[in-house]
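Scroll down for the structure; my scribbles are underneath it.
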Amino acid sequence: MAIWETQVRQLTLLEEKGRLRTLSPRSGRDFASNDYLGLASDPTVAQAVADAIGNGVPVGSGGSRLLRGNAPEHEALEAKAAAFFGTEAALFLANGFAANLALFSTLPQRGDLVVADELIHASVHDGLRQSKATTLFARHNDPQSFHDLIAGWRAEGGRGIVWIAAETLYSMDGDIAPIDALAAIADRHSAMLVLDEAHGTGVFGHKGKGIAAHLDGQANVVSLHTCGKALGAEGALICGPRLAIDYLVNRARPFIFSTAPSPLMAVAASAALDRVADGDDLRSRLSELRGEADDAICARLGLSMSRSQIIPIMTGDDKRTMAAAAALQAAGLDVRGIRPPTVPAGTSRLRISLTLNVGKGDIRELGEILQGIIL
């Protein structure tokens with residue numbers, strides 16, 4: 001049909017560039033998911049959900065949170081999350097994308113400035129596109145760049161509130177943001193600091209509270225903790241001052257006009273928080289896997305030692321990346337290739353994600369096969 005001609009041309013162009021995406025079922029050993037602590041299949045979390053079903057908790061919420069969709073399980077999770085992360089309040093949304101979309105399209109106001117890391121997640125970019133605030137992007141993990149952009153905006157007459165946005169752990173590079181330096185800049189400029197802990201929650205910090213746990217509870221800090229990664233469930237929690245949460249409830253369109261998450265997901269996330277709080281054993285095992293990967297993968301391929309549970313292996317070329325991923329998947333190792341626009345052009349890569357769903361022997365086998373593919 002003529003109506004689809006443009007889409008056909010665009011898909012054909014993606015295929016020619018090696019960027020066409022297709023869905024495939026999960027198979028092989030897990031080096032691709034964000035289930036870092038293996039809690040997606042944890043029996044204590046599963047039992048909590050089974051007990052909730054047995055007690056009559058419904059599968060669906062039945063509506064938005066502002067209509068009949070607000071369940072006791074949602075509110076119980078929010079209270080637990082606020083206490084766990086040390087903030088005045090928390091708000092539970094369907095996923096991290098919706099949470100970032102809600103946060104950045106709602107909290108910064110006209111006349112404000114948002115300075116975000118250039119590699120921040122796509123959901124933040126989408127939220128900022130809907131924001132009335134001015135947006136500038138700082139060089140990745142460069143505190144001086146953040147400061148310079150803020151100072152330049154002030155020098156040009158900017159008088160609104162400044163919002164500094166960063167991820168604590170970047171999911172495609174595996175590197176950790178200079179959190180304390182960003183916090184100092186926020187204090188210097190009387191700015192709000194918004195930190196996405198999506199890949200830090202559960203894995204880092206005291207009791208798994210995240211990389212920036214020491215900043216939570218401060219009046220100028222808002223944090224995002226997703227429930228679909230190390231917590232093994234679904235959803236996301238925005239944590240921060242009560243006023244910020246109340247404003248989101250009243251003004252955030254992705255929250256107001258969305259059907260509420262399943263109450264059972266709130267139960268699962270709540271149980272996962274309990275497991276994470278008492279999960280030093282899980283974090284210790286994951287740390288051991290990182291050590292194994294440093295020896296079996298990073299050292300073997302001449303890479304820098306891992307900075308987190310995420311290890312990128314740069315290949316640069318889109319088609320070469322996907323061919324390498326296909327070879328690994330054929331060997332029973334589920335490694336995924338990452339291409340633009342998820343990452344900048346020319347930086348296609350294999351993303352190795354370490355989870356408790358694999359063992360040291362799996363990592364050694366991955367290292368051996370990678371050596372034959374990459375070198």
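Between the side chains of E234 and N95, not a single donor N or O lies within less than 3.5 Å of an accepting N or O. At a cut-off of 3.5 Å, with distance as the only test, no side-chain donor of D148 or S145 sits close to an acceptor on the other residue. Judged by distance alone, the side chains of D126 and Q130 never bring a donor and an acceptor atom under 3.5 Å apart. Inspection of the S105 and S131 side chains reveals no N or O donor paired with an N or O acceptor under 3.5 Å. Side-chain N/O atoms of S123 and H125 include no donor and acceptor closer than 3.5 Å.
Note on V267: it does not cluster hydrophobically with L91, by side-chain heavy-atom contacts below 4.5 Å among ILVMFWY residues. Cluster membership for V115 and L195, using ILVMFWY side-chain heavy atoms within less than 4.5 angstrom, is shared. Clustering ILVMFWY residues whenever any of their side-chain heavy atoms sit less than 4.5 angstrom apart, transitively, puts L149 in the very cluster that holds V162. Hydrophobic clustering (ILVMFWY, side-chain heavy atoms < 4.5 Å, transitive): L282 and I211 are in one cluster. In the hydrophobic cluster analysis, where Ile, Leu, Val, Met, Phe, Trp and Tyr join through side-chain heavy atoms closer than 4.5 angstrom, I311 is grouped together with I369.
Note: R339 CZ to S348 OG = 7.5 Å, rounded to the nearest 0.5 Å. For the atom pair CG (L37) and OG1 (T355), the distance works out to 9.0 Å, reported to the nearest 0.5 Å. Atom CG of L231 is separated from atom OH of Y36 by 11.5 Å, given to the nearest 0.5 angstrom. Atom CG in D334 sits 9.5 Å away from atom CG in L328 (nearest 0.5 Å). Annotation: the span from I363 atom CD1 to I297 atom CD1 amounts to 6.0 Å, rounded to 0.5 Å. To the nearest 0.5 Å, atom CD of residue E368 and atom CG of residue L333 are 10.5 Å apart.
Other residues, nucleotides and ligands contribute at most 12 non-hydrogen atoms within 6.0 Å of the CD atom of E15. Open room surrounds CZ on R110; 12 or fewer heavy atoms of other groups in view lie less than 6.0 Å from it. Applying the 6.0 Å contact sphere to CD of Q7 captures more than 12 heavy atoms from other residues, nucleotides or ligands. More than 12 heavy-atom neighbours from other residues, nucleotides or ligands sit within 6.0 angstrom of CZ on R154.
Taking the ring centre of F84 as origin, the terminal cationic atom of K209 falls inside the region bounded by 6.0 Å and 45° from the ring axis.
With hydrogens and angles ignored, the 3.5 Å screen pairs a side-chain donor or acceptor of D35 with a backbone N or O of A40. A donor-acceptor pair under 3.5 Å is formed between the side chain of R300 and the backbone N or O of A296. Under a 3.5 Å cut-off, the side chain of T226 and the backbone N or O of G96 do not form any donor-acceptor pair. Formation of a donor-acceptor pair under 3.5 Å by the N250 side chain with backbone atoms of D246 is found in this model.
Hydrophobic clustering, defined by side-chain heavy atoms of Ile, Leu, Val, Met, Phe, Trp and Tyr closer than 4.5 Å, groups M172 together with I338, V343. The other members of the hydrophobic cluster of L20, by chain and number, are L11, L14 (side-chain heavy atoms under 4.5 Å, ILVMFWY only).
No salt bridge links R307 with D173; every basic N to acidic carboxylate O contact stays at or beyond 4.0 Å. The residues R159 and D112 are annotated as not salt-bridged, no charged nitrogen and carboxylate oxygen being separated by less than 4.0 angstrom. Comment: D317 does not engage R320 in a salt bridge, judged by the lack of any side-chain N to carboxylate O separation of less than 4.0 angstrom. Ion pairing between R290 and D294 fails under the 4.0 Å rule for side-chain N and carboxylate O. Between E78 and R65, at least one side-chain nitrogen of the basic residue sits less than 4.0 Å from a carboxylate oxygen of the acidic one, meeting the salt-bridge criterion. In this structure, R19 pairs ionically with D318, as a charged nitrogen and a carboxylate oxygen lie closer than 4.0 Å. Salt-bridge formation is detected for the pair R364/E292: a Lys NZ or Arg NE/NH1/NH2 atom is positioned less than 4.0 Å from an Asp or Glu carboxylate oxygen. A salt bridge links R29 with D362: the distance from a Lys NZ or Arg NE/NH1/NH2 to an Asp or Glu carboxylate oxygen falls below 4.0 Å. A salt bridge does not link K207 to D278: none of the charged side-chain nitrogens sits closer than 4.0 Å to a carboxylate oxygen.
The minimum heavy-atom distance linking G111 with W153 is given by the pair O-CZ2, 3.3 Å. Contact detail for L289 and G359: the closest heavy-atom pair is CD2-C, 4.1 Å. Heavy-atom minimum distance, R349 versus P312: CD-CB, 4.0 Å. When every heavy atom of A293 is checked against every heavy atom of L354, the shortest pair comes out as CB-CD1, 3.8 Å. Smallest separation of non-hydrogen atoms from P108 and A133: CB-CB, 3.8 Å. Residues A98 and L93 share a closest heavy-atom pair of O-CD2, 4.1 Å.
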Next on the checklist: Using the rule given for side chain to side chain contact (heavy atoms under 4.5 Å, CB included), can you reason through L224 versus E197, listing the C-alpha separation, both sets of side-chain angles and the distance that settles it, and then say yes or no?
Outcome noted: CA-CA 6 Å; L224 172 66; E197 287 268 28; over 6 Å; no
Next on the checklist: Is there a side chain to side chain donor-acceptor pair (under 3.5 Å) between T315 and T321? Walk through the geometry before answering.
Outcome noted: CA-CA 6 Å; T315 59; T321 297; 2.2 Å; yes
Checklist entry - Should F146 and L182 be marked as a side chain to side chain contact (heavy atoms under 4.5 Å, CB included) after you check the CA-CA gap, both sets of side-chain angles, and the distance that decides it? => result CA-CA 8 Å; F146 281 84; L182 294 179; 3.7 Å; yes
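Within the 4.5 Å cutoff, the side chain of I164 has no heavy atoms near those of the V194 side chain. The shortest side-chain heavy-atom distance between V358 and L366 does not fall under the 4.5 Å cut-off. Residues D117 and E167 fail the side-chain proximity criterion, which asks for heavy atoms closer than 4.5 Å.
Side-chain rings of F104 and H121 stay apart, their centers remaining 6.0 Å or farther from each other.
Relative orientation of the H147 and H189 rings is tilted, given thresholds of 30° and 60° on the angle between their planes. Using cut-offs of 30° and 60° for the angle between ring planes, the Y170 and H140 rings count as perpendicular.
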